[in-house]
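Worksheet for the structure shown next.
Reminder, nothing fancy here: chain letters follow the sequence lines and each chain counts from 1.
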Protein chains: 2
Amino acid sequence: MSTLTTPTTWEAEKVRMVNKASGAGRIAEQIGSAIVSGVYRPDQLVPGEIELSRRFQASRPVVREALKLLSAKGLIDSRKRAGTRARSREAWHMLDADVLAWRLKTGKAEPKFVFDLLQARTVIEPAAAAMAALNHTARTLKLIEAAFADMEVSVHDRALFVEPDIRFHRAILIATGNDFIAAFGALIETALGAFVRIASRHEGAPAPSVPLHRDILAAICRRDAEGARAAMLVLLNRTSRNAERNVVRQGSRKPKRH
Amino acid sequence: MSTLTTPTTWEAEKVRMVNKASGAGRIAEQIGSAIVSGVYRPDQLVPGEIELSRRFQASRPVVREALKLLSAKGLIDSRKRAGTRARSREAWHMLDADVLAWRLKTGKAEPKFVFDLLQARTVIEPAAAAMAALNHTARTLKLIEAAFADMEVSVHDRALFVEPDIRFHRAILIATGNDFIAAFGALIETALGAFVRIASRHEGAPAPSVPLHRDILAAICRRDAEGARAAMLVLLNRTSRNAERNVVRQGSRKPKRH
DNA sequence: CGCTTAGTTATGTCTGACATATGGTTGAGG
DNA sequence: CCTCAACCATATGTCAGACATAACTAAGCG
């Protein structure tokens with residue numbers, strides 16, 4: 001049953017984040033969530049390793065592995081004598097799938113989170129669609145087409161629809177041929193996952209968005225960069241309107257930072 | 001700057017990557033560089049932990065911490081029985097400062113790397129400048145202005161010029177008020193660091209770019225979004241022309257992925 | 001009063017062992 | 001001879017206890 005030489009790369013395997021079940025991943029998630037939710041203030045503290053090992057009922061090496069995970073994501077910084085400190089949010093790796101998930105889960109200030117997510121998508125994805133139109137190959141185009149076909153099949157159920165939807169947008173990012181643009185995949189995934197969570201109780205089937213996706217695919221197919229850009233922009237504008245309608249009203253306020 | 005013998009040119013508190021000196025960081029850098037340079041093929045192998053601990057003259061816990069660092073950056077994936085495998089490049093966190101540095105250091109296919117870097121900047125930074133013009137605060141504007149002032153001071157020396165230059169572009173990203181846009185800071189830093197490395201032996205002082213930066217700052221100051229976007233685009237086009245002139249000619253070839 | 005020095009403390013590192021799951025191998029059964 | 005189940009080897013996962021090292025604190029000395 002296994003396809004012999006063809007790698008068929010991901011498919012079964014989801015985007016693998018930290019293994020939540022096992023020790024280090026579980027602890028990293030707990031501490032990471034605490035940091036992004038503001039339990040541990042910017043430039044200070046975090047309990048010591050022995051204290052953490054006691055608190056999480058795990059040995060110190062496991063705690064240290066968890067801390068290394070968080071360190072690699074820019075959340076903490078350990079120095080020899082005085083403990084490990086939570087780093088300020090400018091240092092966080094905001095496009096890391098785990099950091100995004102933790103921020104979303106402990107949804108503090110969710111309106112601004114959703115707004116920024118959409119704003120970033122509006123910057124990246126139209127340009128990505130244009131680049132994909134110019135640079136796509138037979139292989140990458142096939143990925144986009146396959147994702148769109150699966151969207152059409154599951155158009156009746158929002159829960160089923162979201163997976164191929166995410167795959168569609170990711171495939172476009174990959175089709176750009178630019179690794180740095182493709183790095184936004186995690187962001188798209190989180191954004192769409194969040195939207196479906198928010199919007200699922202307000203609306204029915206996602207049928208109206210299918211023709212918009214079809215326009216994007218068609219433009220990419222005929223290597224029409226500006227058409228693809230415009231079509232993607234139309235889709236994102238629709239998504240923005242939906243988000244505005246669904247998010248609590250304060251979402252329309254201009255974000256006001258100190 | 002990196003692996004040198006700890007001159008600590010600019011003082012302690014900087015963007016802290018992995019602590020290269022100490023065990024886990026040093027090992028992570030070695031293995032990570034090997035992965036991004038293609039020594040360990042996509043979906044396969046990587047020596048076992050005991051073998052690694054022997055090879056790097058370190059204990060197994062330290063090796064495991066290094067592996068956790070790499071795991072958090074999307075480079076590897078460990079499963080219980082059959083070892084830890086190098087993940088395919090789609091999984092790599094391309095905007096991670098360490099991954100960027102490792103890819104740049106073991107510069108394989110550097111022309112495409114530089115080209116993609118510039119292309120990504122052309123997508124992000126004009127939009128970021130426009131957003132900064134609309135959203136900047138007194139605090140964030142001051143950061144941009146301070147960086148520009150330092151650029152003017154050190155205009156005579158390219159080596160000194162690069163630091164405030166990086167700071168200028170980072171400050172604009174921060175001034176957007178959007179965390180996800182700001183996440184590109186590491187990319188900008190790597191890009192400018194790479195360009196100065198490439199261009200330093202071809203050209204003299206970076207004086208011509210100063211008025212272009214001044215135009216960006218002025219547009220942001222007067223909250224002129226489209227002006228800021230256009231000014232940034234002008235700067236990036238100049239940078240692109242310089243890069244084209246400096247990089248070997250094959251950089252103009254269409255990147256051809258299988 | 002400032003500088004040096006000693007002590008405290010948390011991270012960093014090491015050793016050695018056991019637990020666990022999984023891939024491969026082997027043997028039983030069809 | 002082939003199929004499938006049980007077994008075993010192996011690499012990661014986890015644990016415990018110990019020592020090394022550096023940095024912050026404070027006492028001691030000039």
Side-chain angles (χ1 to χ4, degrees), chain A residues 1-2 4 12-13 16-32 35 40 43-87, chain B residues 5-6 8 11-14 16-32 35 40 43-87:
Chain A
M1 199 63 74
S2 65
L4 308 177
E13 299 294 351
R16 198 177 296 277
M17 305 188 197
V18 296
N19 284 354
K20 311 177 118 183
S22 290
R26 167 185 132 255
I27 298 173
E29 173 169 343
Q30 302 244 5
I31 303 176
I35 291 175
Y40 299 115
D43 217 26
Q44 259 296 9
L45 61 169
V46 167
E49 293 172 355
I50 35 79
E51 168 65 18
L52 290 173
S53 65
R54 191 190 63 75
R55 202 179 290 187
F56 292 106
Q57 310 252 348
S59 65
R60 199 157 84 91
V62 177
V63 170
R64 283 184 60 79
E65 287 171 12
L67 294 179
K68 288 296 180 190
L69 282 174
L70 297 176
S71 170
K73 294 174 186 304
L75 296 184
I76 60 171
D77 177 41
S78 301
R79 285 203 322 233
K80 268 228 143 157
R81 147 89 176 166
T84 85
R85 304 224 264 264
R87 299 182 65 182
Chain B
T5 57
T6 69
T8 58
E11 75 286 359
E13 299 296 344
K14 214 36 194 184
R16 196 177 294 276
M17 305 189 199
V18 296
N19 283 357
K20 304 181 153 180
S22 291
R26 167 184 133 255
I27 298 174
E29 172 171 342
Q30 301 245 4
I31 303 176
I35 291 174
Y40 298 116
D43 218 25
Q44 260 295 10
L45 61 167
V46 168
E49 293 172 354
I50 34 80
E51 168 65 17
L52 290 173
S53 66
R54 190 189 63 77
R55 202 178 291 187
F56 291 107
Q57 308 250 352
S59 67
R60 201 157 82 89
V62 176
V63 170
R64 283 184 60 79
E65 287 172 10
L67 293 178
K68 289 296 181 190
L69 282 174
L70 296 176
S71 170
K73 294 175 185 304
L75 295 185
I76 60 172
D77 178 41
S78 301
R79 284 201 323 233
K80 269 230 150 157
R81 146 90 178 171
T84 85
R85 301 225 262 264
R87 298 181 66 182

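Per the geometry, NZ belonging to A:K80 stands 5 Å off C1' belonging to D:dA22, to the nearest Å. For the pair A:R26 CZ and D:dG13 P, the interatomic distance rounds to 15 Å; values are reported in whole Å. For the pair A:F56 CZ and D:dT14 P, the interatomic distance rounds to 14 Å; values are reported in whole Å. With rounding to whole Å, A:I76 atom CD1 is found 14 Å from C:dA10 atom C1'.
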Give each protein N/O atom lying under 3.5 Å from an N/O atom of nucleotides 15-18 of chain C, with the pair distance.
| unit_1 | atom_1 | unit_2 | atom_2 | d |
| --- | --- | --- | --- | --- |
| C:dA17 | N6 | B:R60 | NH2 | 3.3 |

Quick one: which protein N/O atoms are closer than 3.5 Å to N/O atoms of nucleotides 4-9 of chain C? Pair and distance per line, please.
| unit_1 | atom_1 | unit_2 | atom_2 | d |
| --- | --- | --- | --- | --- |
| C:dT8 | O2 | A:R81 | NH1 | 3.4 |
| C:dT9 | O4' | A:R81 | NH1 | 2.4 |
| C:dT9 | O2 | A:R81 | NH1 | 3.0 |

Below 3.5 Å between N/O atoms, which protein atoms pair up with nucleotides 26-28 of chain D? Just atom names and distances, please.
none

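For the helix from C:dC1-D:dG30 to C:dG30-D:dC1, the angle separating the two terminal helix axes comes to 10°, with each axis derived from five pairs and the value rounded to 10°.
With values rounded to the nearest 0.5 angstrom, B:Y40 atom OH is found 9.0 Å from B:T84 atom OG1. Interatomic distance, CG of B:L69 versus CG of A:L70, reported as 10.5 Å (0.5 Å rounding). Taken from CZ in A:R87 to CD1 in A:I35, the straight-line distance is 11.0 Å, to the nearest 0.5 Å. Here the CD1-CZ distance, from A:I76 to A:R85, works out to 12.5 Å after rounding to the nearest 0.5 Å.
Within residues 62-74 of chain A, the residues approaching DNA chain C are A:R64, by heavy-atom distance under 4.0 Å. Taking every heavy atom of residues 48-55 of chain B and every atom of DNA chain D, pairs under 4.0 Å involve B:G48, B:E49, by number.
The nearest pair of heavy atoms linking A:F56 to A:R26 is O-NH2, 2.7 Å. Scanning all heavy atoms of the two residues, the minimum distance from A:K73 to B:A72 falls at NZ-O, 3.3 Å. Here the shortest heavy-atom pairing between A:S53 and A:I50 reads OG-O, 2.6 Å. Here the closest non-hydrogen pair linking A:A28 and A:A66 is N-CB, 3.7 Å.
Within the 4.5 Å cutoff, the side chain of A:P47 has heavy atoms near those of the A:R55 side chain. The side-chain heavy atoms of A:L52 and A:I31, taken from C-beta on, include a pair separated by under 4.5 Å.
Checking B:E65, B:E49, B:E51 one by one against B:R60, the salt bridge (charged side-chain N to carboxylate O under 4.0 Å, His left out) holds for a single residue, B:E49.
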